[in-house]
Amino acid sequence: MILDIFFPNRCIHCNRIISADLLICNLCFSNIHFYHSSYFEESRIKEKCRLLFPVENAFALMRFEEKNLSRKIIHELKYRTREKAGKILAGWVAERLDFNNKKPDLLVSVPLHPKKQKERGYNQLHLFTEALSDFYTILYDHHLIKRNHDSKAQALKNKKHRLESQNTFSVTRPISGKHVLLIDDVFTTGNTLGTIAWEILSNGNNKVSVLVIAMDE
């Protein structure tokens with residue numbers, strides 16, 4: 001296409017020209033610090049979740065590093081309005097996560113406040129979750145969890161404010177007997193996922209597992 005000639009796709013890290021269906025070049029890809037722990041086994045992400053709520057299983061795709069490539073990848077997903085980023089990241093997950101015929105019943109991503117979603121034009125995690133749904137043939141529900149308050153991003157809050165998130169989320173309909181996989185972009189304190197998890201767990205005989213794109217250690 002003519003646009004590809006005049007505006008070629010470039011690696012988000014080193015700026016090399018790459019195929020239109022990629023985010024980064026092969027050389028930069030080798031510098032991503034992927035986690036290699038199984039969804040089912042004991043891991044750092046599972047330990048962190050367990051301190052906050054009863055978790056069945058947990059998976060983190062890569063390590064979040066403030067001044068490294070993972071930060072640029074998350075930024076690309078959240079703020080660059082590039083729909084393909086969600087699909088590419090979901091593909092990376094699908095290459096590394098095998099549910100071993102023990103798939104969760106439902107995929108639920110952390111919601112934005114309606115005001116923020118309107119400003120941004122989309123929820124980046126919805127795109128990622130929908131791609132995962134296609135890969136694994138698991139239903140998703142973007143409306144099960146509602147964000148009740150329009151607040152600053154967790155990364156911009158101090159520790160005190162992060163702990164003051166009671167009643168931030170609510171469940172919009174009865175749910176019982178389901179295994180829900182909660183999905184977020186970056187696990188920092190885990191407070192957001194913990195708040196949502198308890199909302200789901202308190203609404204019936206449900207189970208909760210966690211999937212995050214990156215984990216800040």
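Small disclaimer: the values here were computed from a predicted structure and weren't measured.
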Item to check | Minimum-distance pair of heavy atoms, taken over all atoms of S70 and E65 | outcome: OG-N, 3.0 Å

Next on the checklist: Suppose we screen for salt bridge (charged side-chain N to carboxylate O under 4.0 Å, His left out). Which residues come up paired with R50, at least two apart in sequence or across chains?
Outcome noted: E42

Checklist entry - Counting only N and O atoms by type, is there a donor-acceptor contact under 3.5 Å from the side chain of K46 to the main-chain atoms of F40? => result yes

Item to check | Verdict with supporting geometry, L132 and I138, side chain to side chain contact (heavy atoms under 4.5 Å, CB included) | outcome: CA-CA 8 Å; L132 286 178; I138 303 173; over 6 Å; no

Checklist entry - Should L193 and L52 be marked as a side chain to side chain contact (heavy atoms under 4.5 Å, CB included) after you check the CA-CA gap, both sets of side-chain angles, and the distance that decides it? => result CA-CA 9 Å; L193 287 173; L52 301 169; over 6 Å; no

Item to check | Within-4.5 Å side-chain heavy-atom neighbours: V210 and F53 | outcome: yes

Next on the checklist: Within the 4.5 Å heavy-atom criterion, are N148 and T168 side-chain neighbours or not?
Outcome noted: no

Checklist entry - With sequence neighbours excluded, what pairs up with D185 under the salt bridge (charged side-chain N to carboxylate O under 4.0 Å, His left out) test? => result K78

Checklist entry - Is there a donor-acceptor pair under 3.5 Å between the side chain of T172 and the backbone N or O of I145? => result no

Item to check | Side-chain heavy atoms of I74 within contact of M62, under 4.5 Å | outcome: yes

Next on the checklist: Checking the side chain of K84 only, and the main-chain atoms of L22 only, is there a donor and an acceptor separated by less than 3.5 Å?
Outcome noted: yes

Checklist outcome for this item: Sequence neighbours excluded, the answer for ring-ring contact (aromatic ring centres under 6.0 Å, His included) partners of H179 is none

Checklist entry - Does the side chain of F64 come within less than 4.5 Å of I73's, by heavy atoms? => result no

Checklist entry - Y136: what forms a ring-ring contact (aromatic ring centres under 6.0 Å, His included) with it, not counting sequence neighbours? => result F99

Next on the checklist: If I take atom CG from residue L181 and atom CG from residue N57, how far apart are they, to the nearest 0.5 angstrom?
Outcome noted: 9.0 Å

Item to check | Results of salt bridge (charged side-chain N to carboxylate O under 4.0 Å, His left out) for D141 - residues two or more places apart only | outcome: R173

Checklist entry - Is there a donor-acceptor contact under 3.5 Å from the side chain of D184 to the main chain of V212? => result no

Next on the checklist: With a 4.5 Å cut-off on side-chain heavy-atom distances among I, L, V, M, F, W and Y, is there a chain of contacts connecting F34 to V186?
Outcome noted: yes

Next on the checklist: Do L27 and F29 sit in one hydrophobic cluster, given that two such residues count as connected whenever their side-chain heavy atoms are within less than 4.5 Å of each other, even indirectly?
Outcome noted: no

Item to check | CG on N203 to CG on L144, rounded to 0.5 Å | outcome: 8.5 Å

Checklist entry - What side chain to side chain donor-acceptor pair (under 3.5 Å) pairs are there with at least one residue in residues 13-30, not counting sequence neighbours? => result H13-K72, S19-D21

Item to check | Side chain S37, main chain S43, donor-acceptor under 3.5 Å | outcome: no

Checklist entry - Measuring from K103:NZ to D98:CG, what's the distance to the nearest 0.5 Å? => result 10.5 Å

Next on the checklist: Are the side chains of L61 and W92 in contact, using a 4.5 Å heavy-atom criterion?
Outcome noted: yes

Checklist entry - Short question: side chain of N206, backbone of S202 - any donor-acceptor pair under 3.5 Å? => result no

Checklist entry - Distance only, no hydrogens: is a donor on one side chain within 3.5 Å (strictly under) of an acceptor on the other, for S109 and Y140? => result no

Checklist entry - How far apart are the C-alpha atoms of L139 and D105, what are their side-chain angles, what is the distance that settles it, and do they pass the side chain to side chain contact (heavy atoms under 4.5 Å, CB included) test? => result CA-CA 7 Å; L139 296 176; D105 301 307; over 6 Å; no

Item to check | Test item: I183 and L107 side chains (from C-beta on) under 4.5 Å apart, heavy atoms | outcome: yes

Next on the checklist: Could you check whether N205 and S176, counting side-chain N and O atoms only, form a donor-acceptor pair closer than 3.5 Å?
Outcome noted: no

Next on the checklist: Under a 3.5 Å distance rule, please check whether R63 uses its side chain to pair with a backbone N or O of H33 as donor and acceptor.
Outcome noted: no

Checklist entry - Any side-chain heavy-atom pair from N9 and I17 closer than 4.5 angstrom? => result no

Next on the checklist: Under the criterion side chain to side chain contact (heavy atoms under 4.5 Å, CB included), I'd like the reasoning laid out for F169 against T192: C-alpha separation, chi angles, the key distance, then a yes or no.
Outcome noted: CA-CA 9 Å; F169 301 96; T192 296; 3.7 Å; yes

Checklist entry - Where do L97 and Y39 come nearest, in terms of heavy atoms and distance? => result CD1-CB, 3.1 Å

Next on the checklist: Closer than 3.5 angstrom, by distance alone: can the side chain of T129 be matched with the main-chain N or O of L125 as a donor-acceptor pair?
Outcome noted: yes

Item to check | E56 versus S209, closest heavy-atom pair with distance | outcome: CB-OG, 3.3 Å

Checklist outcome for this item: In this structure, CG of L23 is separated from CZ of R10 (nearest 0.5 Å) by 15.5 Å

Checklist entry - In this structure, are over 12 heavy atoms from other groups packed under 6.0 Å from K102 atom NZ? => result no

Checklist entry - Quick one: does E130's side chain have a donor or acceptor within less than 3.5 Å of a partner on L127's backbone? => result no

Next on the checklist: For the CG atom of L51 and the OG1 atom of T189, what is their distance to the nearest 0.5 Å?
Outcome noted: 12.0 Å

Checklist entry - Taking atom CD1 of I45 and atom CG of L211, what is their separation to the nearest 0.5 Å? => result 9.0 Å

Checklist entry - V180 versus L182: any side-chain heavy-atom pair under 4.5 Å? => result yes

